[in-house]
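The block underneath contains the structure these notes are about, expressed in structure tokens.
In each ligand, atom 1 is the first atom listed, and ligand 1 is the first ligand listed. Counting from 1, the numbers follow the sequence of the chain as shown. All values below come from the heavy atoms of this structure, side chains included, with hydrogens, waters and symmetry mates left out. Being a predicted model, the structure only gives us computed values, none of them experimental.
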Amino acid sequence: MPAVVVSNGGDVPHFEGKITFYVILCVIIAAFGGFLFGYDIGISGGVTSMDDFLKAFFPEVYERKQHVQEDNYCKYDDEFLQLFTSSLYIAALIASFAASHVCTVLGRKPTMQIASIFFIIGVALQAGGTNILMLVFGRIILGFGVGFANQAVPLFLSELAPAKMRGALNICFQLFITFGILMAGIINYFTSNVHPHGWRISLGLAGVPALFLLLGSLSICETPTSLIAQGKNEEGKAILVKIRGTDIVQPEYESIVAACEAARLVKDPFKKLMKPSSRPPLVIAILLQIFQQFTGINAIMFYAPVLFQTVGFGSNAALLSTVITGLVNVVSTGVSIYAVDRAGRKVLLLESCVQMFITQVVIGAILLIDLKPTGALNGKEAWVVVILVCVYVMAFAWSWGPLGWLIPSEIFPLETRTAGYAFAVSSNMLCTFLIAQAFLSMLCHMKAGIFFFFAGWILVMGLFALLFIPETKGIPIDSMFEIWKQHWFWKRFMTEDEDEDDKVHQ
Ligand code: BGC
């Protein structure tokens with residue numbers, strides 16, 4: 001008969017600690033990893049709608065774009081154009097597994113430093129690109145940067161934060177993603193009028209935050225968990241005192257040491273992840289990321305300029321509307337920072353599903369009824385679409401956006417944390433790749449139906465959140481196993497049966 005996994009007494013502990021200036025500094029520097037990710041997301045849509053860029057690398061798409069009678073929904077459909085955008089995500093998917101190993105062995109900080117070096121090389125290749133190969137290769141290297149940064153930064157933030165503020169601090173990652181997307185939108189708006197090399201400026205400016213991440217990361221600390229896991233207990237404890245701003249860290253220190261000792265017994269984290277007791281965090285982490293992408297957010301983030309041109313804006317107005325949605329994205333992420341440790345994760349996930357479902361259905365209906373393959377929406381209707389897109393982005397920004405990164409970073413026990421998180425990151429990247437690669441073709445074939453497609457997914461993820469995602473607000477990261485044992489569905493997996501062959505025999 002399966003036995004229940006040993007607990008630390010049933011109650012979730014509370015540890016001393018406040019937020020110190022040093023922690024804020026570390027959070028801001030690390031979150032620049034998110035900025036770079038966001039910048040990459042936001043920049044490609046604008047660049048791929050710039051005529052100078054298309055003429056230089058995708059002359060056929062440029063030609064097609066000139067034909068006014070061309071089908072509205074299909075004028076940008078080009079596999080290579082999509083490959084330019086999406087190659088980054090395949091690279092990031094592969095890199096995240098290597099990054100998980102580096103994160104465990106060397107720590108969170110060196111993983112971020114490696115990420116920044118990838119970013120710098122990738123940016124140089126792209127901005128100096130003279131042929132399509134160089135561009136795609138640059139984007140692949142940037143993808144390695146994203147894989148390493150997205151693996152290390154959210155874990156770093158969750159481990160650094162005191163439990164009661166973990167949500168808010170972790171969401172700084174997402175906040176910086178949204179800053180990055182917005183900044184990319186603004187830069188594209190200006191560089192689209194700089195001929196013929198505006199696109200080079202757009203791609204090259206990512207070098208600035210990459211350099212900042214590299215230099216800044218020299219002054220941040222490693223997380224206490226990662227230090228203690230590497231056997232550097234005294235150093236770990238000293239950092240704990242420094243980041244918690246109190247000398248009373250013994251209970252938290254002991255809980256980390258206990259988590260590290262348990263983790264040391266597991267010789268193969270990936271094998272451990274396949275065991276039943278790892279199923280709850282693994283399934284939730286993977287599905288959260290898949291669902292995050294199937295909200296359809298990146299159809300908007302990558303292709304907003306294209307989408308807004310499709311509904312009838314000129315190219316400048318389309319880029320401007322992209323800036324507006326970007327701004328909404330940033331501000332609404334702020335709401336999430338405020339609410340996540342107060343209202344909790346679940347209420348945000350559920351409320352946003354309702355909001356996103358309604359907006360997707362209404363956008364779909366407007367396009368279905370009024371946007372024919374040729375011609376445009378009338379001015380008023382086009383603006384209504386922009387407003388609906390903003391309401392949709394708002395909902396995503398305070399829920400599935402940040403929580404897609406936060407929840408997977410806090411639900412794994414230490415022994416499977418980096419490995420489990422790699423599955424989350426790679427699921428995100430795989431689905432981001434699929435959307436980036438397929439969206440323009442889907443828009444071309446499904447037309448307005450694509451919005452109903454995403455609405456269907458939103459319904460499914462709402463039900464999943466309702467039934468299967470437990471509330472993790474305020475629970476210390478190394479005490480998370482308690483929540484599975486109390487959950488109506490997941491408790492059946494909390495058995496010890498798998499541990500024997502998986503542990504290092506002592
Ligand atoms: C997602 C990205 C998305 C961004 C939008 C992130 O959490 O992972 O794919 O583009 O949010 O703000």
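In this structure, Q293 has a heavy atom closer than 4.0 Å to ligand 1.
In this structure, W457 has its ring center no closer than 6.0 Å to that of F464.
Between the side chains of S409 and N170, at least one donor-acceptor pair of N or O atoms lies under 3.5 Å.
Atom NE2 of H487 has more than 12 neighbouring heavy atoms from other residues, nucleotides or ligands inside a 6.0 Å radius. Enclosure of atom CZ in F137 is not indicated, since only 12 or fewer non-hydrogen atoms of other residues, nucleotides or ligands lie within 6.0 angstrom. By the 6.0 Å contact criterion, CE on M183 is open, its count of non-hydrogen atoms from other residues, nucleotides or ligands being 12 or less.
Distances below 4.0 Å separate heavy atoms of G401 from the following atoms of ligand 1: 7 (O). For ligand 1, the atoms closer than 4.0 angstrom to any heavy atom of W405 are 6 (C), 7 (O), 8 (O). Near N329, meaning under 4.0 Å from any of its heavy atoms, are these atoms of ligand 1: 5 (C), 12 (O). Shown in contact with N428 at under 4.0 Å from a heavy atom are these atoms of ligand 1, numbered in order with element: 8 (O). Near F396, meaning under 4.0 Å from one of its heavy atoms, ligand 1 places the atoms 5 (C), 11 (O).
Among protein heavy atoms, atom 8 (O) of ligand 1 sits closest to Q292 OE1, 2.9 Å. Here the heavy atom of the protein found nearest to atom 5 (C) of ligand 1 is I181 CD1, 3.6 Å. Considering only non-hydrogen protein atoms, atom 6 (C) of ligand 1 sits nearest to Q174 OE1, 3.4 Å.
Selection from D40, T333, N298 by nearest heavy atom to atom 9 (O) of ligand 1 gives N298.
In this structure, L320 and F308 have side chains that are not in contact, with every pair of non-hydrogen atoms separated by 4.5 Å or more.
The backbone N or O of T85 sits less than 3.5 Å from a side-chain atom of R139, completing a donor-acceptor pair.
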